[in-house]
K.L.:
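Below is the structure I would like to discuss, written out as structure tokens.
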Amino acid sequence: MQIKDLAINEGKIVTLQGWVSNKREGKGIAFVILRDGSGFCQCIVAAENIGEENFEQVKKLGLESAISVTGKVVRDEKQIGGYEIHVSELFVYQSVSDYPIQKKEHGVEFLMDHRHLWLRSQRQWAIMKIRNTIIFAIHNFFQKEGFVQADAPLFTANACEGTTNLFETDFYGQPAYLSQSGQLYGEAMAMALGKIYTFGPTFRAEKSKTRRHLSEFWMIEPEMAFYDLFQNMDLIEQFLQYVVKEVIDKSSEELSILGRDVEVLKKSSSPFVRLTYTEAVDIIQAKKAVNGRTTIETLEQDLNNAETQLRRVMEEIIDRENKVATPGMKKGEVNFNLAKIAQLKNEAKDLEEELRNIPNWLNSAKNFQYGSDFGGSDETVLTRLFDVPVMVYDWPHEVKAFYLKRNPEDERFARGVDVLAPEGYGEIVGGGERETDEQKLRSKIIEHELPMHEFEWYLDLRRFGSVPHSGFGLGLERLVAWVCKLNHVRETIPFPRMYGRIAP
RNA sequence: UCCUCAGUAGCUCAGCUGGUUAGAGCACUUGACUGUUAAUCAGGGGGUCACUGGUUCGAGCCCAGUCUGGGGAGCCA
């Protein structure tokens, strides 16, 4: 019996096995929040029902003690799952008294050091469940569209886009690299199977310490024969809309645990914005307005909002500090205010950071050089104007990968597309139409100073039945972060590997 | 690699212009309370102030270096 099935067992006597995720107690009664991996459920344990001796055991149970309970399922609207258990029997597998993670805020480093235990907490549980929903939806989408899942190798001999950001390993005495993308292999598989997608881990040795980067992350890379850039973009849009809708339908409880505003997420069911690079630059540089507002006006407005908000938060902090200092205040109320003050201080920190950032964004928007790639701030500036994902295509070919096809009507541009998620999440998808012409590819490989002999097998794909084809890569963790509205990708994967972090 | 912020009790933090014996809450522990949602009340134990060196009569506080972590740039999904 699992907690998720309580609803269909209302009024019955059931047995649950799990862990104590929280406990409150009064004389002769204890409220145990049990978790079993499938959900959370409050169990009412009364001394008169289970006996004094057994109740003494319950009083000693610390967080994460392992128990089983037997009792009646009773409807209670106030509870998370909607039900509670009136316990008649309780068995203790292990009584724990010193669980490290407490019912209060912890710092990032402490939590990451205890990631193996942190995963048990309600928020992390909700994120992992949503990650699972997303993974399942991805497979469902591609399978129903007739794609074949076909994985690319993880060991590669060629440092396909430069060696600096690859992890080097020893492959029977030969240097080998952990794959940073399965795309070239994906193209080979698409020529064999028509439409394929890879789904696997990918490795980048970038020494990046930001909320968007992991050293090991999961990437989904579809590749489709006979798809041009625009069919590719249509597919990306349908795909993302399907996945988001599945999460809204199947993981609404988890989204509400995370406090995610589903209405904002639902907006992505509208058509995505499609801009050429040139149009996007005009918007970033504020030469073009969107819905009557330019980026600069929007940013200035945001700056003002952040300032007034910060002022309000600071006032509330002072207010509550005065309250705490008032003599004769009850301890409980003091604690409540202290907790609130700590929370407000964090809010103030975030706002201060935003206040520092916005002027930088303004500056970089004003000074954006046509022809260069977008930085994180340019993406933020652009996506702030829209509430659906933005697809930017037709990039200056110099800033994009060697394998992208040129726009036949204007050779300055390559047919790449980046999908920028709303709410500041930046690039979640990068893709495009591939170059089909062997000679053009050869000159690009030379231009990028890549070892030609490592690409001969890839060039075979252009020698034998070369056809228009396209594909894209989706960063799973970035998608999860956006859907859950998390401020860091490290919470989207069970055991993140990132610069400076390889344990636990 | 660069910029920037931080490191004080198991955890989250305070510690004024450098000045006596280092502070709070939580957690833990002892006792009281039958419906709680981080939230009752009273008592108790708990410290190499990241490390190394320097300035000073005196350093948690000032200076230099090192280490670790947060955020960002570059690079990217």
Side-chain angles (χ1 to χ4, degrees), chain A residues 22-33 40 42 44-49 55 60 62-63 76 78-80 84 86 97-114 161-162 164-165 180-181 183 202-215 217-221 321 324 330-343 345-346 349-350 352-354 356-357 360-361 364 373-377 379 399 401 418-421 425-431 472-482 487-490 492 499-501:
Chain A
N22 199 358
K23 192 184 79 174
R24 295 172 280 271
E25 57 180 277
K27 186 180 174 67
I29 188 165
F31 306 89
V32 173
I33 309 297
F40 294 79
Q42 172 162 282
I44 314 301
V45 185
E48 60 181 22
N49 294 335
F55 191 75
K60 290 198 169 62
L63 296 188
D76 182 359
K78 283 181 294 186
Q79 303 308 324
I80 279 181
E84 61 180 25
H86 291 189
S97 64
D98 47 5
Y99 186 65
I101 299 179
Q102 301 167 17
K103 298 187 287 182
K104 54 173 290 193
E105 279 195 38
H106 290 280
V108 173
E109 193 180 359
F110 178 82
L111 288 171
M112 289 300 294
D113 283 341
H114 295 84
E161 289 166 55
T164 50
N165 52 2
Q180 62 168 354
S181 163
Q183 193 219 298
T202 225
F203 306 90
R204 304 272 167 93
E206 294 155 359
K207 290 182 179 174
S208 297
K209 293 180 69 152
T210 81
R211 59 188 70 207
R212 301 190 303 280
H213 285 88
L214 292 170
S215 303
F217 63 98
W218 288 68
M219 189 149 70
I220 294 89
E221 294 182 285
E321 274 172 348
V324 170
K330 269 193 191 164
K331 205 171 163 189
E333 213 164 332
V334 170
N335 285 340
F336 174 79
N337 279 294
L338 286 176
K340 199 81 191 169
I341 287 168
Q343 195 188 322
K345 279 187 179 174
N346 277 333
K349 259 188 204 166
D350 286 348
E352 278 164 7
E353 197 184 322
E354 194 156 337
R356 274 196 303 274
N357 281 338
N360 293 340
W361 294 342
S364 104
D373 204 352
F374 291 176
S377 67
E379 291 176 356
V399 302
D418 282 0
V419 180
L420 309 176
Y425 282 88
E427 189 179 349
I428 54 169
V429 167
F472 62 92
L474 167 81
L476 177 64
E477 285 75 19
R478 287 190 183 175
L479 177 61
V480 176
W482 167 51
N487 60 12
H488 202 298
V489 289
R490 67 182 154 227
T492 64
Y499 185 55
R501 166 72 59 184

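Lettering follows sequence order; numbering is per chain, from 1.
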K.L.:
Measure the shortest side-chain to side-chain distance between A/Trp218 and A/Thr202 over non-hydrogen atoms and say whether it is less than 4.5 angstrom.
P.N.:
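In short, these two side chains do not touch, never coming nearer than 4.5 Å.
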
K.L.:
Between A/Arg204 and B/rG74, is there a side-chain N or O to OP1/OP2 distance below 4.0 Å?
P.N.:
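Answer no for this pair, as no side-chain N or O of A/Arg204 is under 4.0 Å from OP1 or OP2.
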
K.L.:
Only counting residues at least two apart or in another chain, list the ones meeting side chain to side chain donor-acceptor pair (under 3.5 Å) with A/Asn360.
P.N.:
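For A/Asn360 there are no side chain to side chain donor-acceptor pair (under 3.5 Å) partners, ignoring immediate neighbours.
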
K.L.:
Give one of base, sugar-phosphate or nothing for A/His114, where a contact means two heavy atoms less than 4.0 Å apart.
P.N.:
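A/His114: no heavy atom of the nucleic acid under 4.0 Å.
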
K.L.:
I want to verify a distance call: between B/rC11, B/rU29, B/rC76, whose nearest atom is closest to the A/Ser97 side chain?
P.N.:
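For A/Ser97, the side-chain atoms sit closest to B/rU29.
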
K.L.:
Can you say whether a donor on the side chain of A/Ser208 sits under 3.5 Å from an acceptor on the base of B/rC75, or the other way round?
P.N.:
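Counting by modelled atom types and ignoring angles, a donor-acceptor contact under 3.5 Å is found here.
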
K.L.:
Mind checking side chain to side chain donor-acceptor pair (under 3.5 Å) for A/Arg501 and listing every partner two or more places apart, or none if nothing turns up?
P.N.:
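Per chain and number, A/Arg501 pairs via side chain to side chain donor-acceptor pair (under 3.5 Å) with A/Asp113.
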
K.L.:
Reading RNA chain B from 5' onward, which residue's closest nucleotide shows up sooner: A/Asp373 or A/Gly376?
P.N.:
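The answer here is A/Gly376.
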
K.L.:
For atom C1', what is the distance between B/rG54 and B/rA22, given to the nearest Å?
P.N.:
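The same atom, C1', in both gives a distance of 24 Å.
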
K.L.:
Regarding B/rG72, can its base be found pairing with the side chain of A/Ser377 as donor and acceptor, where the two atoms are less than 3.5 Å apart?
P.N.:
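Between B/rG72 and A/Ser377, which were checked side chain against base, a qualifying N/O pair under 3.5 Å is absent.
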
K.L.:
Using the P atom in both, what is the distance from B/rC41 to B/rG25, to the nearest Å?
P.N.:
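Looking at atom P only, B/rC41 and B/rG25 are 11 Å apart.
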
K.L.:
Do A/Met219 and A/Gln183 make a side-chain contact, defined as non-hydrogen atoms from C-beta onward lying under 4.5 Å apart?
P.N.:
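Answer no - side chains too far apart.
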
K.L.:
Base, sugar-phosphate, or nothing: which does A/Gly430 touch, judged by heavy atoms less than 4.0 Å apart?
P.N.:
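Touches sugar-phosphate only.
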
K.L.:
Whole Å only: how far is the CG atom of A/Asp113 from the P atom of B/rG70?
P.N.:
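The distance from CG of A/Asp113 to P of B/rG70 comes to 10 Å, rounded to the nearest Å.
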
K.L.:
Please report the distance, rounded to the nearest Å, between CZ in A/Phe472 and C1' in B/rC76.
P.N.:
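Roughly 18 Å, once rounded to whole Å.
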
K.L.:
Output all residues satisfying side chain to side chain contact (heavy atoms under 4.5 Å, CB included) with A/Thr492, sequence neighbours left out; order by chain, then residue number.
P.N.:
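Residues passing side chain to side chain contact (heavy atoms under 4.5 Å, CB included) with A/Thr492: A/Glu477, A/Val480, A/Ala481, A/Leu486, A/Val489.
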
K.L.:
Give me the distance, rounded to whole Å, that separates B/rC51 from B/rG60 when you measure between the C1' atoms they each carry.
P.N.:
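Comparing C1' positions in B/rC51 and B/rG60 gives a spacing of 14 Å.
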
K.L.:
Taking atom C1' in both B/rU40 and B/rC26, what distance in whole Å separates the two?
P.N.:
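These two C1' atoms come out 16 Å apart once rounded.
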
K.L.:
Starting at atom CD1 of A/Ile220, determine the distance to atom P of B/rA77, rounded to an integer number of angstrom.
P.N.:
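My rounded result for the distance is 13 Å.
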
K.L.:
If I pick the C1' atom on B/rU1 and the same atom on B/rU17, what distance separates them, to the nearest angstrom?
P.N.:
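Looking at atom C1' only, B/rU17 and B/rU1 are 39 Å apart.
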
K.L.:
Once ring pair (Phe, Tyr, Trp, His ring centres under 6.0 Å) is applied, do any residues pair with A/His114, and if so which ones, sequence neighbours excluded?
P.N.:
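Ring pair (Phe, Tyr, Trp, His ring centres under 6.0 Å) check on A/His114 returns A/Phe110.
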
K.L.:
So A/Arg211, base contact, sugar-phosphate only, or nothing? Heavy-atom distance under 4.0 Å.
P.N.:
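The residue A/Arg211 makes sugar-phosphate contact but no base contact.
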
K.L.:
When we call it a touch if two heavy atoms are under 4.0 Å apart, what does A/Gly500 touch: a base, just sugar-phosphate, or nothing?
P.N.:
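Touches sugar-phosphate only.
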
K.L.:
Scan A/Leu479 against the nucleic acid and name what it touches under 4.0 Å (heavy atoms): base, sugar-phosphate only, or nothing.
P.N.:
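Touches nothing.
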
K.L.:
Nearest-Å distance, OH (A/Tyr99) to P (B/rC28)?
P.N.:
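These atoms are roughly 14 Å apart.
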
K.L.:
Under 4.0 Å, counting only non-hydrogen atoms across every strand here, what does A/Leu474 touch: a base, just sugar-phosphate, or nothing?
P.N.:
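No contact at all - A/Leu474 keeps every heavy atom at 4.0 Å or more from the nucleic acid.
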
K.L.:
Among all residues two or more places apart in sequence or in another chain, which pass the side chain to side chain contact (heavy atoms under 4.5 Å, CB included) test with A/Leu111?
P.N.:
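Applying side chain to side chain contact (heavy atoms under 4.5 Å, CB included) to A/Leu111 gives A/Ile101, A/His106, A/Trp118.
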
K.L.:
Would you indicate which nucleotide in B/rA77, B/rA73, B/rG70 comes nearest to any side-chain atom of A/Val108?
P.N.:
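The closest nucleotide is B/rG70.
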
K.L.:
Check side chain to side chain contact (heavy atoms under 4.5 Å, CB included) between A/Glu427 and all other residues, then give those that pass, not counting sequence neighbours.
P.N.:
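In terms of side chain to side chain contact (heavy atoms under 4.5 Å, CB included), with neighbours along the sequence ignored, A/Glu427 is linked to A/Glu379, A/Asp418, A/Leu420, A/Arg478.
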
K.L.:
Kindly say whether, by distance alone, the side chain of A/His213 makes a donor-acceptor pair under 3.5 Å with the base of B/rC76?
P.N.:
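It does, because a donor-acceptor pair links the side chain of A/His213 to the base of B/rC76 below 3.5 Å.
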
K.L.:
Under 4.0 Å: is that the gap between some side-chain N or O of A/His488 and OP1 or OP2 of B/rG71?
P.N.:
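Checking A/His488 against B/rG71: at least one side-chain N or O falls below 4.0 Å of OP1 or OP2.
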
K.L.:
Report the residues that fulfil side chain to side chain donor-acceptor pair (under 3.5 Å) with A/Lys103, sequence neighbours left out, ordered by chain and then residue number.
P.N.:
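For A/Lys103, the residues satisfying side chain to side chain donor-acceptor pair (under 3.5 Å) (neighbours in sequence not counted) are A/Asn22.
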
K.L.:
Output yes when at least one side-chain N/O atom of A/Lys209 is less than 4.0 Å from OP1 or OP2 of B/rG70, else no.
P.N.:
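So the side-chain polar atoms of A/Lys209 do come within 4.0 Å of the phosphate oxygens OP1 or OP2 of B/rG70, strictly under.
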
K.L.:
Using ring pair (Phe, Tyr, Trp, His ring centres under 6.0 Å) as the criterion, list what pairs up with A/Phe472, not counting sequence neighbours.
P.N.:
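Per chain and number, A/Phe472 pairs via ring pair (Phe, Tyr, Trp, His ring centres under 6.0 Å) with A/Phe239.
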
K.L.:
Just how far, in rounded Å, is P of B/rC2 from OH of A/Tyr499?
P.N.:
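In whole Å, B/rC2 P and A/Tyr499 OH are 10 Å from each other.
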
K.L.:
Please examine the side chains of A/Ile33 and A/Arg24, heavy atoms only from C-beta on, and report whether any two atoms are closer than 4.5 Å.
P.N.:
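A/Arg24 vs A/Ile33: side chains touch.
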
K.L.:
Does a side-chain heavy-atom distance below 4.5 Å link A/Val108 with A/His488?
P.N.:
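A side-chain contact under 4.5 Å is absent here.
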
K.L.:
What is the distance from CD1 of A/Ile101 to P of B/rC26, rounded to the nearest Å?
P.N.:
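It works out to 20 Å between those atoms.
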
K.L.:
Can you check whether A/Phe217 reaches A/Arg204 side chain to side chain, under 4.5 Å on heavy atoms?
P.N.:
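They are in side-chain contact.
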
K.L.:
Grab the stems for RNA chain B, please: at least three consecutive Watson-Crick or wobble pairs, both distances below 3.5 Å, written as range with range.
P.N.:
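In RNA chain B, stems of three or more pairs: B:1-7 with B:67-73, B:10-13 with B:23-26, B:28-32 with B:40-44, B:50-54 with B:62-66.
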
K.L.:
What contact category does A/Val429 fall into here, base, sugar-phosphate, or nothing, at under 4.0 angstrom with non-hydrogen atoms?
P.N.:
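It contacts sugar-phosphate atoms only.
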
K.L.:
Sort me out a list of protein N/O and nucleotides 35-37 of chain B N/O pairs below 3.5 Å, or just none if empty.
P.N.:
| residue | atom | partner | partner atom | Å |
| --- | --- | --- | --- | --- |
| B/rG35 | N1 | A/Glu84 | OE2 | 3.4 |
| B/rG35 | N2 | A/Glu84 | OE1 | 3.1 |
| B/rG35 | N2 | A/Glu84 | OE2 | 3.4 |
| B/rU36 | O2' | A/Arg24 | NE | 3.4 |
| B/rU36 | O2 | A/Arg24 | NE | 2.6 |
| B/rU36 | O2 | A/Arg24 | NH2 | 3.4 |
| B/rU36 | N3 | A/Gln42 | OE1 | 3.0 |
| B/rU36 | N3 | A/Gln42 | NE2 | 3.2 |
| B/rU36 | O4 | A/Gln42 | NE2 | 2.8 |
| B/rU36 | O4 | A/Gln79 | NE2 | 3.4 |

K.L.:
According to side chain to side chain donor-acceptor pair (under 3.5 Å), who are the partners of A/Trp361, at least two apart in sequence or on a separate chain?
P.N.:
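Checked A/Trp361 against side chain to side chain donor-acceptor pair (under 3.5 Å); zero matches.
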
K.L.:
5'-most contact on RNA chain B: A/Phe217 or A/Thr210, nearest heavy atom basis?
P.N.:
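Looking at the nearest nucleotide for each, A/Thr210 comes out on the 5' side.
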
K.L.:
So what does A/Thr202 hit on the nucleic acid, given a heavy-atom distance under 4.0 Å: a base, only sugar-phosphate, or nothing?
P.N.:
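If one applies the 4.0 Å heavy-atom cut-off, A/Thr202 turns out to touch nothing in the nucleic acid.
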
K.L.:
Can you name the atoms? Protein N/O to nucleotides 4-6 of chain B N/O, anything below 3.5 Å, with the distance.
P.N.:
none

K.L.:
Is there a donor on the side chain of A/Gln102 or the base of B/rG10 sitting less than 3.5 Å from an acceptor on the other?
P.N.:
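Yes.
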
K.L.:
Using the side-chain contact (heavy atoms from CB on, under 4.5 Å) rule, pick out the option among A/Leu479, A/Val429, A/Leu474 that qualifies with A/Ile220.
P.N.:
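By the side-chain contact (heavy atoms from CB on, under 4.5 Å) criterion, A/Ile220 pairs with just one of A/Leu479, A/Val429, A/Leu474: A/Leu474.
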
K.L.:
Under 4.0 Å, heavy atoms only, any strand: does A/Arg501 hit a base, just the sugar-phosphate, or nothing?
P.N.:
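It contacts nothing in the nucleic acid.
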
K.L.:
Have a look at A/Gly426 and say if it touches a base, only the backbone sugar-phosphate, or nothing, with a 4.0 Å heavy-atom cut-off.
P.N.:
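Nothing, no heavy atom under 4.0 Å.
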
K.L.:
Round to a whole Å and report the spacing from NZ of A/Lys103 to C1' of B/rC28.
P.N.:
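It works out to 13 Å between those atoms.
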
K.L.:
Could you state the atom-to-atom distance from CZ of A/Phe110 to P of B/rA9 in whole Å?
P.N.:
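Result: 13 Å.
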
